[in-house]
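Please read the structure below before turning to the comments.
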Number of protein chains: 2
Amino acid sequence: MTKIKNMEEFAALSGISRPTVSKYFHDPDSVRPTTRARIEEALEQFDYRPNIYAVNQNRKLTKNVGIVVPYLADPFFAEIARYLEQSCIAAGYRTSLFSSHGEQKLENEILDSLQSMKPAGVLLAPLGRISDRSAIEKFCANVPTVLFDSNLDGLGAAFIGSDNFSFVSQTVEYMVRTGEPPSFFEMRTPANPNANKRRKAYVEVMERLGFEPHIIKVDGTGWAFEEIGHKGALKVLKERELRTASVLCSNDRLAIGFLAACYEQGIRVGRKDDCTLRVASNDDHPFAKFTCPSLTTAAHDYDNVAGRSVETLFELIESGGKFSSRTETLFPARLVLRDSS
Amino acid sequence: MTKIKNMEEFAALSGISRPTVSKYFHDPDSVRPTTRARIEEALEQFDYRPNIYAVNQNRKLTKNVGIVVPYLADPFFAEIARYLEQSCIAAGYRTSLFSSHGEQKLENEILDSLQSMKPAGVLLAPLGRISDRSAIEKFCANVPTVLFDSNLDGLGAAFIGSDNFSFVSQTVEYMVRTGEPPSFFEMRTPANPNANKRRKAYVEVMERLGFEPHIIKVDGTGWAFEEIGHKGALKVLKERELRTASVLCSNDRLAIGFLAACYEQGIRVGRKDDCTLRVASNDDHPFAKFTCPSLTTAAHDYDNVAGRSVETLFELIESGGKFSSRTETLFPARLVLRDSS
DNA sequence: TACTATTTTTAACGCGCGTAAAGTTTTTAT
DNA sequence: ATAAAAACTTTACGCGCGTTAAAAATAGTA
C-alpha cells in the first residue's frame, strides 16, 4: 500500500480530478454516484485523508466544534461532554474538549485558543459567578456560541439548561409531604448561578407552603464541593443548626460530603424508623446512587439538555452564526426517590 | 484597534520583516532582545495571532500533544488529564484531550483522528484488554507515544504507571497485620491490565504470608464499576462467600459499590468494635474520602506518574520520536489509612 | 438523434505561513 | 578601528487544499 502525499496524488490514483475529489470530501453527495463510488473505492485501497490544516486554512466553516465545561473532574460534566461530543461527531464535526478547572484565567485562555481555531461553533458551560463577563461577551461576538448548564444573562446566542425552580419545588414539596420542611444547605458564595436560583426557589416554595425558610450557608470556595459539604455538615451537626430533621442540599456533591459527615457522627439518615435525619439534593450526580444511604435527588434531564444544546448550535451555525433573538430553554427535573429521604 | 489579517500586515505594523516575525513566534529567544521588544510592543497594540492552521501545515513538529484516557467520567482520569494538560501547556504545547469512553471503536477513531493532527507526541492511557493491539501498534509506529497508567507490552516508546505489587502488598500486609487476611474482590473479566497484576500480587503476598488466597470474581462488563461492585457485593453478602471479615477490592470504584451494598444490608464496615467487616482497596479515588466509611486504600503517586509521563514525552520528542530502548517506570503506592479498614 | 442540463476536467490563483538564499545592517570581539 | 559573527531584510518558492472560470464530457430528455 503506497503512501499518498496529497490530494493531487490521490486524485490521480483514483482517476478523478482534484477539484472533484475536493468537492467529494466537502460533501460526498455533491458528486455523481458513479464518481463517488470510484473515489470510495480508491479510498479503501489507498487510505488517504485530507490534511486538516490545509483544509481549515481556507474554509470559513471549520467543521470544528469547541466544548467547554467548568470542571471536568465532576463526572456530571464528563457525562454531558461525552454526549455532546458524540452528537457533534455524528453530525460530521470534529470536537475539542476543554475544562476550565474552576479558574477564570483558564477559561479565558481556553476561549482565546478556541478563537484562533475558528470553530464553526462552541458549546460553553461557563464558570458562572467567577467568569470574566467581558471576555465571554467578546468571544461570543466573534464565535457562534451556545451556553448551557450555567446561564450568563444576555451572553451567547442561546441558553439551554435546567429549570432550577422545578428541581427545588419537587424536592421541597416531596420532603414536606412525607416529613418535615427542610433546611437549605448551600455554599455561602456559590460559584454557579444555578445555586442562587435554587435558593430563591427554596424560599419561594417554602413560603408558599406556609413554612419559614431556613438557609444554612457554609464557608469554602473552589470546586471541592464534597470537602466543603463535609466540613460544613460537621459544623452544622455539632452546633445543632438544623431546625427540623430534614435537609435539602443545593447540589449532590455537597450532599455527598454531608452524608459522609452524618455517617461519621453516627447519624442515621433516611426514612426508616431508626433514622433521625432526611437528606435530599439536586442534580442526580452519577455517584448519587452509591452514597450511604443512596441519595434522593432531582435529576437533570441530561439527554434533553445536551441534545437540545447541540441542536441549537447546529441551527445557529446554519443561520450564519446569529439568531434574531436570544432564547433560553429550561428543562424540568425528575424526582428520583432513593433511600436518603 | 485595527484588525490584522496576516503576518505580513502585522510585520509591517511592527516595523520588522515577516521572516523575523515568523522566527519570533517559533521561539521568542531566537531574535535580538531589541527586536523582540518591538514585536511584543506591537503585539500588545494590535493583538495578532498566527493562523494555527497555516502554521501547522508546514511544520514538522506541530507543537500539539494528544492526551487520551480510557474513561473521562472517572474522576481519577479527569484529574490526571488535568495535570498532563497543564504541564504540556506550560511547556508551550497545545493540548487535545480525548476519552475512549470504554469503547475500542472510539479508541481507534481517536487514534485515527489524532494521527491526522500530526501531533508532536501523544500521551496514551489505553483501554487495556479490549484495546485493538494492532491499531495501537500501527499508531505508535507513526506518532511518538508514551503509554501511561495501563501497560501494553512492547507498545509505545515508554510506559509510566503504578507498581501494582506495591499497592496490593501494602494493603494486604496492613490488613493481615491488623486483622484477618482478606479475600480479593474483583471483576471476572477486568478491562484494565492493572487488575491482573493486582490479582497476581495478591496471590503472591498471601502465599508468602502463609495464607490461602481467596478470590471472588463478580460478573459484569464495561466501565460502570460501582454498579458492578454493588451488584456483586449483594450477591457475595447474601451467599456468604467471604471466608474472613476482610475484603480487599481490586480498585476503589468497585469498593464504592461494595460499601454501598454493605450499608444497605446493615453491615457495619470498619475497624471499630461494632463493625463486622473490613474493606480496603486500591487507587485513592477522589471520592474515597467520602465513602461511608471513608475508604482505606493505596494511593497512586498521581504527581509522579503524570509528571514523569510528560517529562518522558518531551525527551522522546527531542530525541526525534524514538528511544533506543523502551523503558517501563513504576511508582509505588502510598497507603492511606481511613475508616474502612 | 439532437438538444439541454448537469457534472467533470483543466488551468490557475489564493490562503497564511515556513523556509531558504543572498545581500545588508548591527553587534561582538580583537 | 576593523574584522568577524550574528541578526535582519528582501525576494521568492513551496505546502496542500479551496475555489473559480471556461472548456469538455456525460447524462437525461424529447
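These values consider heavy atoms only, across backbone and side chains, with no hydrogens, waters or symmetry-generated copies. The chains referred to below are lettered A, B, ... by the order of the sequence lines, with proteins before strands, and numbering in each begins at 1. A quick note: this is a predicted structure, and the numbers were derived from the prediction, not measured.
Mapping B/Thr20 and A/Phe25 onto DNA chain D via the closest heavy atom, the residue that lands nearer the 5' end is B/Thr20. Along DNA chain C, the nucleotide nearest A/Arg18 and the nucleotide nearest A/Arg38 are compared for position; the residue whose nucleotide lies closer to the 5' end is A/Arg38. Between A/Thr34 and A/Gln57, it is A/Thr34 whose nearest contact on DNA chain C lies nearer the 5' terminus.
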For a salt bridge (Lys or Arg N to Asp or Glu O under 4.0 Å) check, start with the C-alpha distance between A/Glu79 and A/Arg82, then their side-chain angles and the critical distance, and finish with the verdict. CA-CA 5 Å; A/Glu79 288 289 354; A/Arg82 169 167 157 263; 3.0 Å; yes
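For the pair B/Ile16 CD1 and C/dT26 P, the computed distance is 12 Å after rounding to whole Å. Rounded to an integer number of Å, the gap from B/Asn51 CG to C/dG18 P is 10 Å. As rounded to whole Å, 13 Å separates atom P of C/dG16 from atom CD1 of B/Ile4. Distance B/Glu8 CD to C/dT19 C1': 14 Å, rounded to the nearest Å. One atom, NZ of B/Lys23, and another, P of D/dC8, lie 6 Å apart when rounded to the nearest Å. Atom CG in B/Asp27 sits roughly 12 Å away from atom P in D/dC8 (whole-Å rounding). The separation between A/Arg49 atom CZ and D/dG16 atom P is 17 Å, rounded to whole Å. One can place CZ of A/Arg32 at 6 Å from C1' of D/dA27, the figure rounded to the nearest angstrom.
Set against C/dT8, C/dC17, C/dA11, the side chain of A/Pro19 has C/dA11 as its closest nucleotide. For B/Asn6, counting side-chain heavy atoms from C-beta on, the closest listed nucleotide (C/dG16, D/dA7, C/dT10) is C/dG16. Here the nucleotide nearest the side chain of A/Ser17, chosen from C/dC17, C/dT8, D/dG16, is C/dT8. Ranking C/dT27, C/dT8, D/dC17 by closeness to the A/Met7 side chain, first place goes to D/dC17. With distances taken from any side-chain atom of B/Ser22 to the nucleotides D/dC17, D/dT9, C/dT19, the minimum falls on C/dT19.
Side-chain N/O atoms of B/Tyr48 and B/Glu9 include no donor and acceptor closer than 3.5 Å. In the model, A/Ser131 has no side-chain atom that pairs as donor or acceptor with a side-chain atom of A/Gln104 under 3.5 Å.
Here B/Phe10 lies out of heavy-atom contact (under 4.0 Å) with every strand. Among the heavy atoms of the strands, none lies under 4.0 Å from A/Tyr24.
For B/Arg308, the CZ atom sits in a loose shell: 12 or fewer heavy atoms of surrounding residues, nucleotides or ligands are nearer than 6.0 Å.
Between A/Phe314 and A/Tyr93, the distance from one ring center to the other falls under 6.0 angstrom.
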